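Note that the structure is a prediction, hence the values are computed from the model and not measured.
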Amino acid sequence: MKKTIKVLCCLLGFSLFLMLVISLIYLILPKNNTSTSDDISVYNDLVSEVTFLPRTDELNNFKELEFKYTHDDSLFPSKSYILKVEYNENDYISEKDFVQKEFYFDEKYSSEIYVGNYVFRVLDIERYDLQYPKYLALIGYSDNEQKIAYIYFECQDLDLIDSWEKFIINQCNF
């Protein structure tokens with residue numbers, strides 16, 4: 001009996017030691033496996049696999065485009081595309097109306113998400129063949145800035161979104 005307890009204590013101690021070593025290795029390893037690009041010419045190539053998002057030549061009367069592509073090759077790889085399109089006042093109103101009529105939004109996961117000056121909505125998961133939370137697309141509007149933001153996010157390892165605001169800021173790098 002004493003021998004069994006001694007063996008179990010040794011196994012437990014070794015398991016705890018192993019978990020500690022693995023945790024330390026994870027903390028020590030470099031985590032900067034993220035690359036970003038703001039080259040707008042890259043956007044159309046990336047978005048070709050995400051056919052429901054607009055290509056730059058499909059956008060109407062915009063003033064300015066901002067693009068950010070983030071690719072993370074860490075332990076849980078992910079990628080996100082963010083396109084912000086700025087319009088003058090009249091074009092913004094008509095483009096916002098067009099987008100609200102053209103796209104289908106998902107009410108199951110979230111109706112409206114507020115991030116800074118933007119109000120985001122998740123595109124319909126089933127209609128656009130997305131998969132919550134591994135493949136998502138969102139569209140946001142900023143009436144203050146007269147901008148429409150398109151976001152696509154992909155991460156095979158994501159299982160849950162606790163906070164949409166934190167997800168958009170931290171995971172999508174908005």
Would you call Tyr152 and Ser80 a side-chain contact if the rule is heavy atoms closer than 4.5 Å? no
Could you check Phe62 against Asp91 for side-chain contact (heavy atoms from CB on, under 4.5 Å), going step by step and ending with a plain yes or no? CA-CA 8 Å; Phe62 60 87; Asp91 290 329; over 6 Å; no
Quick one: CD1 on Ile113 to NZ on Lys166, what's the gap to the nearest 0.5 Å? 14.5 Å
Give a yes or no on whether a salt bridge exists between Glu64 and Lys147, defined as a side-chain N under 4.0 angstrom from a carboxylate O. no
Give a yes or no on whether Glu89 atom CD has more than 12 heavy-atom contacts from other residues, nucleotides or ligands under 6.0 Å away. no
Just wondering, do Ile168 and Leu138 contact through their side chains at under 4.5 Å, heavy atoms? yes
Specify the closest pair of heavy atoms between Pro133 and Leu160, including all atoms of both residues, with the distance to one decimal. CG-N, 3.7 Å
Drop me the distance from Tyr109's OH to Leu130's CG, to the nearest 0.5 angstrom. 10.5 Å
Could you check Phe167, Tyr118, Phe153 and say which one makes a side-chain contact (heavy atoms from CB on, under 4.5 Å) with Phe174? Tyr118
Quick check for you: to the nearest 0.5 Å, what is the distance between Ser111 atom OG and Asp106 atom CG? 10.5 Å
Between Lys84 (side chain only) and Leu65 (backbone N and O only), is there a donor and an acceptor less than 3.5 Å apart? no
May I ask you to establish whether Lys108 and Tyr132 are in a cation-pi arrangement, using a distance under 6.0 Å from NZ or CZ to the six-membered ring centre and at most 45° from the ring axis? no
Should Trp164 and Ile169 count as side-chain neighbours, where that means a heavy-atom distance under 4.5 Å? no
Is the ring centre of Phe120 less than 6.0 Å from the ring centre of Tyr114? no
Tell me whether Asp97 is salt-bridged to Lys101, with the criterion being a basic N under 4.0 Å from an acidic carboxylate O. yes
Taken to the nearest 0.5 Å, the spacing of Phe76 CZ from Gln171 CD works out to 10.5 Å
Go through the steps to decide whether Asp124 and Glu126 satisfy the test side-chain contact (heavy atoms from CB on, under 4.5 Å), and finish with yes or no. CA-CA 6 Å; Asp124 188 278; Glu126 290 177 21; 3.8 Å; yes
Is it true that Ser78 and Asp72 share a donor-acceptor pair across their side chains at a distance under 3.5 Å? no
Min side-chain heavy-atom separation Asp157-Pro77 under 4.5 Å: yes
Heavy atoms, side chains only, cut-off 4.5 Å: are Val122 and Phe105 in contact? no
Taking the six-membered ring of Tyr141 as reference, does the cationic atom of Lys96 (NZ for Lys, CZ for Arg) lie under 6.0 Å from its centre and within 45° of its axis? yes
Verify the distance criterion only: is there a donor paired with an acceptor across the side chains of Tyr92 and Asp143 at less than 3.5 Å? yes
May I ask you to test the Asn44-Leu46 pair for a side-chain heavy-atom distance under 4.5 Å? no
For Ser142 and Glu145, the nearest pair of non-hydrogen atoms, with its separation, is OG-N, 3.2 Å
For the aromatic rings, using the six-membered ring if either is Trp, is the centroid distance between Tyr81 and Phe67 under 6.0 Å? no
Taking a hydrophobic cluster as the set of Ile, Leu, Val, Met, Phe, Trp and Tyr residues connected by side-chain heavy atoms closer than 4.5 Å, whether directly or through intermediates, do Val119 and Ile82 fall within one such cluster? no
Are any side-chain N or O atoms of Lys134 and backbone N or O atoms of Glu154, one a donor and one an acceptor, separated by less than 3.5 Å? no
Start with the C-alpha gap between Leu83 and Leu53, add the side-chain angles, then the distance that decides, and say whether side-chain contact (heavy atoms from CB on, under 4.5 Å) holds. CA-CA 10 Å; Leu83 179 67; Leu53 290 180; over 6 Å; no
Atom pair NE2/NZ of His71 and Lys79 - distance to nearest 0.5 Å: 7.0 Å
Do Ile139 and Phe103 have side chains that get closer than 4.5 Å, going by heavy atoms? yes
Test item: Asn60 side-chain N/O and Glu95 main-chain N/O as donor-acceptor pair under 3.5 Å: no
So Leu136 and Ile161, side-chain contact (heavy atoms from CB on, under 4.5 Å) or not? Walk me through it. CA-CA 11 Å; Leu136 293 172; Ile161 296 174; 3.5 Å; yes
Atom pair CD/CG of Gln146 and Asn90 - distance to nearest 0.5 Å: 9.0 Å
